[in-house]
Novice: 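Structure below; questions to follow.
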Amino acid sequence: MRSAGSMLVCFSNGPLPSPIGDMKMTQRALITGLTGQDGSYLAESLLAKGYEVYGLVRRSSNDPMDRVRHIKDDIHVLAGDMSDQASLIDAVEESRPDEVYNLAAQSFVGDSWREAAYTGDVDALGVTRLLEAIRRSRPNAHFYQASSSEMFGKVHETPQTETTPFHPRSPYGVAKVYGYYMTLNYRESFGMHASNGILFNHESPRRGIEFVTRKITDGVARIKLGKQDELRLGNLDAKRDWGFAGDYVEAMWLLLQQEEPDDCVIATGETHTVREFCEIAFGCAGLDYTDHVVVDQRFVRPAEVELLLGDPSKARTVLGWEPKVTFRELVEMMVDSDLARLSA
Ligand code: NDP
Ligand code: GDR
């Protein structure tokens with residue numbers, strides 16, 4: 001294991017303290033997608049480990065810093081966009097990272113049919129642009145690519161492992177397969193420490209409202225508080241392997257601490273239907289989902305990924321990683337958080 005994090009912690013923009021004795025210099029990490037669900041948990045975790053954290057944030061007419069407001073002063077924010085090569089070169093040159101976590105993406109599968117070319121530009125070509133920026137000025141940096149269980153799509157075997165063939169079922173899944181193979185190719189072609197985390201669905205109270213788990217817990221809270229009466233969803237029979245985002249960002253970090261770059265499935269090893277998620281979430285608020293959930297064809301996708309179930313054996317044995325939060329605890333955490341937010 002490479003030792004990351006140092007005892008010397010400096011979160012200010014001032015000069016770094018010099019190393020004392022055999023202590024290592026503070027490690028620097030660059031996170032793309034800082035403002036997203038995973039970016040916010042990862043930034044918190046790396047700050048706690050003593051890293052100097054740089055985050056790529058794209059221009060927006062709104063304030064995108066909601067999820068990282070509490071740590072905003074501890075992070076160096078760099079302007080940039082995955083669709084813009086020069087901004088990525090600048091971001092890498094400015095941050096001089098030891099580790100790069102590529103979390104930026106158009107991450108909503110549902111929108112990827114409507115924005116297929118854009119999704120490909122950001123989620124696929126964006127990976128190449130970032131790898132190129134790293135290869136030119138920080139070729140020894142360790143690189144993490146946010147690969148996805150959506151690459152398995154129409155699954156060829158269950159559970160899915162690191163060797164299960166890919167069969168993506170959406171423009172998003174196709175773009176992620178491209179990013180996966182570019183990461184693998186920069187490793188094999190240039191000897192870069194470039195790794196793919198193949199992460200199954202992971203959720204939290206910070207999950208975007210468009211994803212089904214958060215849509216459900218937000219809906220439960222609104223119904224409980226009398227703000228709405230029904231919740232319109234698509235396919236209730238889809239099965240997902242859902243874990244907690246806070247646990248999953250630890251796996252990202254562990255992957256980059258390995259001596260050798262590698263690819264690894266991160267999952268819980270349990271699968272549940274959307275219907276089961278509804279049952280527990282409505283139950284947490286003393287409600288029956290059958291009284292409120294309405295199936296609406298508008299939310300049914302052109303092609304569905306029916307079943308995802310990951311095999312986390314390699315993560316357990318190689319990374320020493322285990323998920324800590326159970327499925328029920330995750331649902332309860334999200335319902336409680338939405339009830340508290342909407343009651344305030
Ligand atoms: P989010 O949608 O919450 O966050 C995506 C982030 O990417 C946001 O910070 C967003 O910025 C940023 N982004 C989007 N487009 C661009 C762009 N053109 N240039 C720069 N930044 C951009 O996703 P998650 O945190 O849930 O996921 C993180 C990564 O992991 C993504 O790559 C996702 O595809 C992948 N993944 C996620 C899984 C999950 O279950 N959560 C499972 C497997 C993989 P802004 O705030 O401005 O929109
Ligand atoms: P997913 O997540 O597509 O797995 O991608 P999402 O929560 O959007 O869908 C999960 C399943 O629920 C079904 N579903 C609905 N989904 C949404 N969003 N809205 C609905 O109303 C609804 N009703 C039913 C979907 O059809 C699907 O089967 C997530 C993202 O985080 C990706 O970026 C990531 O790569 C994968 O997880 C792993």
Side-chain angles (χ1 to χ4, degrees), residues 36-38 40-41 66-67 107-111 148-150 155 158-159 169-170 172 199-249 266-310 312 323-344:
Q37 172 189 258
D38 291 6
S40 68
Y41 282 108
D66 247 18
R67 294 185 177 104
S107 74
F108 186 40
V109 175
D111 272 353
S148 165
S149 52
E150 282 295 299
V155 297
T158 297
R169 293 273 278 172
S170 64
Y172 170 85
L199 271 55
F200 283 61
N201 299 54
H202 46 279
E203 320 293 313
S204 74
R206 298 183 197 169
R207 186 58 143 152
I209 207 87
E210 65 274 35
F211 299 96
V212 76
T213 56
R214 185 71 200 295
K215 183 174 170 182
I216 295 168
T217 61
D218 175 75
V220 165
R222 284 177 193 281
I223 291 167
K224 180 70 181 175
L225 297 172
K227 293 175 191 279
Q228 73 185 47
D229 190 45
E230 64 175 28
L231 177 63
R232 304 184 86 81
L233 297 173
N235 178 12
L236 301 184
D237 297 318
K239 290 184 160 175
R240 288 292 182 277
D241 181 331
W242 278 297
F244 171 53
D247 289 344
Y248 284 46
V249 299
I266 307 297
T268 68
E270 268 182 42
T271 192
H272 299 272
T273 59
V274 172
R275 191 186 305 282
E276 275 175 85
F277 194 105
C278 286
E279 206 173 327
I280 297 177
F282 278 83
C284 286
L287 300 168
D288 182 341
Y289 84 97
T290 59
D291 295 336
H292 303 281
V293 170
V294 176
V295 172
D296 185 331
Q297 289 305 312
R298 281 184 302 148
F299 299 109
V300 173
R301 296 174 176 178
E304 179 62 290
V305 172
E306 301 289 351
L307 160 71
L308 290 176
L309 172 61
K324 295 195 176 77
V325 175
T326 66
F327 177 64
R328 185 171 284 275
E329 287 167 349
L330 173 66
V331 181
E332 286 170 358
M333 178 200 306
M334 292 176 70
V335 171
D336 288 351
S337 162
D338 276 321
L339 276 170
R341 181 178 58 87
L342 290 166
S343 309

Novice: So do the side chains of Glu203 and Leu330 get within less than 4.5 Å of each other, counting heavy atoms only?
Specialist: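 Counting from C-beta outward, Glu203 and Leu330 do come under 4.5 Å.
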Novice: Looking only at heavy atoms, which two atoms of His292 and Asp229 are closest? And how far apart?
Specialist: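 Result for this residue pair: ND1-O, 2.8 Å.
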Novice: Does Asp241 reach the main-chain N or O of Ala267 with its side chain, forming a donor-acceptor pair under 3.5 Å?
Specialist: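 Side chain of Asp241 to backbone of Ala267: no pair is present.
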Novice: For the pair Val305 and Glu150, evaluate side-chain contact (heavy atoms from CB on, under 4.5 Å) and give the outcome as yes or no after the intermediate values.
Specialist: CA-CA 8 Å; Val305 172; Glu150 282 295 299; 3.5 Å; yes
Novice: Okay, side chain of His202, backbone of Gly243: is any donor-acceptor separation there less than 3.5 Å?
Specialist: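 Side chain of His202 to backbone of Gly243, a donor-acceptor pair under 3.5 Å: no, none is there.
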Novice: Looking at the rings of Tyr41 and Phe244, which for Trp means the six-membered one, are their centres under 6.0 Å apart?
Specialist: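 So the answer is yes for these two rings.
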Novice: Which heavy atom in Gly234 sits nearest to a heavy atom in Val295, and how many Å separate them?
Specialist: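 Closest heavy-atom pair between Gly234 and Val295: O-CG1, 3.8 Å.
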Novice: If you take all heavy atoms of Asp237 and Asn235, which pair is closest and at what distance?
Specialist: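 Looking at all heavy atoms of both residues, the shortest contact is N-OD1, 2.9 Å.
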Novice: Between Arg232 and Asp296 (side chain of the first, backbone of the second, donor and acceptor by atom type, cut-off under 3.5 Å), is there such a pair?
Specialist: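 Pair absent, no side-chain N/O of Arg232 close to backbone of Asp296.
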Novice: Counting C-beta onward and ignoring hydrogens, is there a side-chain heavy-atom pair between Leu236 and Thr273 closer than 4.5 Å?
Specialist: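 With C-beta onward as the side chain, the pair stays apart.
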Novice: Say you draw a straight line from CZ of Arg207 to CD of Gln37; how long is it, rounded to the nearest 0.5 Å?
Specialist: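 The CZ atom of Arg207 sits 5.0 Å away from the CD atom of Gln37.
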Novice: Taking atom NZ of Lys227 and atom CG of Asp218, what is their separation to the nearest 0.5 Å?
Specialist: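 Output value for this atom pair is 10.5 Å.
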Novice: Between Glu304 and Glu306 (side chain of the first, backbone of the second, donor and acceptor by atom type, cut-off under 3.5 Å), is there such a pair?
Specialist: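 Checked: no pair found.
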Novice: For residues Cys284 and Glu332, report the shortest heavy-atom separation together with the two atoms involved.
Specialist: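 Shortest heavy-atom separation between Cys284 and Glu332 comes out as SG-CG, 3.5 Å.
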Novice: Is a side-chain donor or acceptor of Ser343 paired with a backbone partner of Leu339 at a separation under 3.5 angstrom?
Specialist: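 Pair found, side chain donor or acceptor close to backbone of Leu339.
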Novice: Would you please test Phe299 and Leu233 for side-chain contact (heavy atoms from CB on, under 4.5 Å) and show each step?
Specialist: CA-CA 6 Å; Phe299 299 109; Leu233 297 173; 5.8 Å; no
Novice: Hey, could you give me the OG/CD1 distance between Ser148 and Ile266, rounded to the nearest 0.5 Å?
Specialist: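 Taking OG in Ser148 and CD1 in Ile266, the distance rounds to 13.0 Å.
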Novice: Should the pair Phe327 and Trp242 be assigned to parallel (<30°), tilted (30 to 60°) or perpendicular (>60°) ring geometry?
Specialist: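 Correct class here is parallel.
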Novice: To the nearest 0.5 Å, tell me how far Ile280 CD1 sits from Tyr289 OH.
Specialist: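 Nearest 0.5 Å value for the CD1-OH distance: 11.5 Å.
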Novice: Could you state the interatomic distance from CG (Leu231) to CD1 (Ile216), rounded to the nearest 0.5 Å?
Specialist: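 CD1 of Ile216 is found 6.5 Å from CG of Leu231.
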Novice: Are side-chain heavy atoms of Met333 and Pro205 found at a separation under 4.5 Å?
Specialist: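 Yes. Closest side-chain heavy atoms under 4.5 Å.
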Novice: Measure from the side-chain N and O atoms of Asp247 to the backbone N and O of Lys324, and report whether any donor-acceptor pair falls under 3.5 Å.
Specialist: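 Yes, the answer is positive, given that a donor and an acceptor are paired below the 3.5 Å cut-off.
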Novice: Within a reach of under 6.0 Å around NZ of Lys215, are more than 12 heavy atoms found that belong to other residues, nucleotides or ligands?
Specialist: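 Enclosed.
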Novice: Between the main-chain N or O of Leu308 and the side-chain N or O of Thr271, is there a donor-acceptor pair closer than 3.5 Å?
Specialist: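 Yes, Thr271 side chain to Leu308 backbone: donor-acceptor pair under 3.5 Å.
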Novice: Any idea how Phe108 and Phe211 line up, ring-wise: parallel (<30°), tilted (30 to 60°), or perpendicular (>60°)?
Specialist: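 Rings of Phe108 and Phe211: perpendicular, over 60°.
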Novice: Looking at Arg214 and Asp338, is any side-chain nitrogen of the basic one under 4.0 Å from a carboxylate oxygen of the acidic one?
Specialist: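 A salt bridge is present here (some side-chain N lies under 4.0 Å from a carboxylate O).
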Novice: Counting N and O atoms only, with roles assigned by atom type, does the side chain of Lys224 sit under 3.5 Å from a partner on the main chain of Ala285, one being a donor and the other an acceptor?
Specialist: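 The answer is yes, because a donor-acceptor pair under 3.5 Å joins these two groups.
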Novice: To the nearest 0.5 Å, what is the distance between SG (Cys278) and CG (Asp288)?
Specialist: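 It is 11.0 Å, given to the nearest 0.5 Å.
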Novice: Given the rule in the side-chain contact (heavy atoms from CB on, under 4.5 Å) test, do Val212 and Phe277 qualify, once you have shown the distances and angles that lead to the verdict?
Specialist: CA-CA 9 Å; Val212 76; Phe277 194 105; over 6 Å; no
Novice: Quick one, Val335 with Phe282, criterion side-chain contact (heavy atoms from CB on, under 4.5 Å). Give me CA distance, side-chain angles, the key distance, then yes/no.
Specialist: CA-CA 9 Å; Val335 171; Phe282 278 83; over 6 Å; no
Novice: Indicate yes or no for a side-chain donor-acceptor contact from Arg240 to the backbone of Asn201 under 3.5 Å, with no hydrogens or angles considered.
Specialist: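 The answer is no, because no donor-acceptor pair under 3.5 Å joins these two groups.
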